[in-house]
Amino acid sequence: MLSEAEHQELNEILKKYPDKRSAVLPALYIAQRARNYLTDDDIRGVAEALDISVTEVQAIVGFYTLLRKDPTGKYIVQVCTDLPCALRGAEEFYRRLCQRLGLPPQGGTTDDGLFTVEAVVCLAACDKVPLAQINLKYYENLSDDRIDAILDGLRRDSEDA
Ligand code: FES
């Protein structure tokens, strides 16, 4: 469900859209931001705010991979393992990362709920392998040590918050 502050933010965004149904993606991003995933209440709240059906909103959530219906970690670590990156060692990089975080080879969420690690297709930085996108920020030309240091930094930030 959208909070009062989220409703206000959405109302500001709606001023830019002649037809408020067109604002469904920004509305869903606002609703998802607090937890990194959307609950049924969030989806219902967006549908009500935009005067569209819950089914229409669910269809959009199902289509876009950046919109999530399952609980995730605070940080979503996406590593490209698509073919050009795989040819340069990205799959092994991904597997080692999962292993160090105590995750199965296909990825998942750490026990502390901090990191969700997943393999994704092309992130459009094929010349900077291995690379990861963490909560939409790019980290390129990674090594095992470098991504461990990045995740340690995020872990510290999270403890300080
Ligand atoms: S194939 Fe990995 S970034 Fe393009």
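Both backbone and side-chain heavy atoms feed into the values below; hydrogens, waters and symmetry mates do not. We count ligands from 1, going down the list as the structure has it; atoms in each ligand are counted the same way.
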| request: Salt-bridge test for R21 and D19: reply yes if a basic N is under 4.0 Å from a carboxylate O, no otherwise. | output: yes

| remark: among protein heavy atoms, the one nearest atom 3 (S) of ligand 1 is L123 N, 3.3 Å

| task | Verify the neighbour count for atom OH of Y29: are there more than 12 heavy atoms of other residues, nucleotides or ligands below 6.0 Å? | result | yes

| query | Among side-chain atoms of E56 and S53, is any donor-acceptor pair under 3.5 angstrom? | reply | yes

| request: With R100 as reference, evaluate D145, D152, D148 under the salt bridge (charged side-chain N to carboxylate O under 4.0 Å, His left out) test and give the passing residue. | output: D148

| Using a heavy-atom cut-off of under 4.0 Å, does the side chain or the backbone of A90 touch ligand 1, or both, or neither? | neither

| Criterion side-chain contact (heavy atoms from CB on, under 4.5 Å) against L28, the qualifying member of L50, V46, L66 | V46

| Sub-4.0 Å atoms of ligand 1 with respect to non-hydrogen atoms of D82 | 1 (S)

| said: Suppose we only count N/O/S atoms under 2.8 Å; would C85 qualify as near atom 4 (Fe) of ligand 1? | reply: no

| Donor-acceptor side-chain pairing of T39 and D41 below 3.5 angstrom | no

| note | For C80, the atoms of ligand 1 under 4.0 Å from one of its heavy atoms are 1 (S), 2 (Fe), 3 (S)

| Any idea which atoms of ligand 1 are less than 4.0 Å away from a heavy-atom of P84? | 1 (S)

| request: Below 4.0 angstrom from a heavy atom of C126, which ligand 1 atoms are there? Numbered from 1 as shown, please. | output: 1 (S), 3 (S), 4 (Fe)

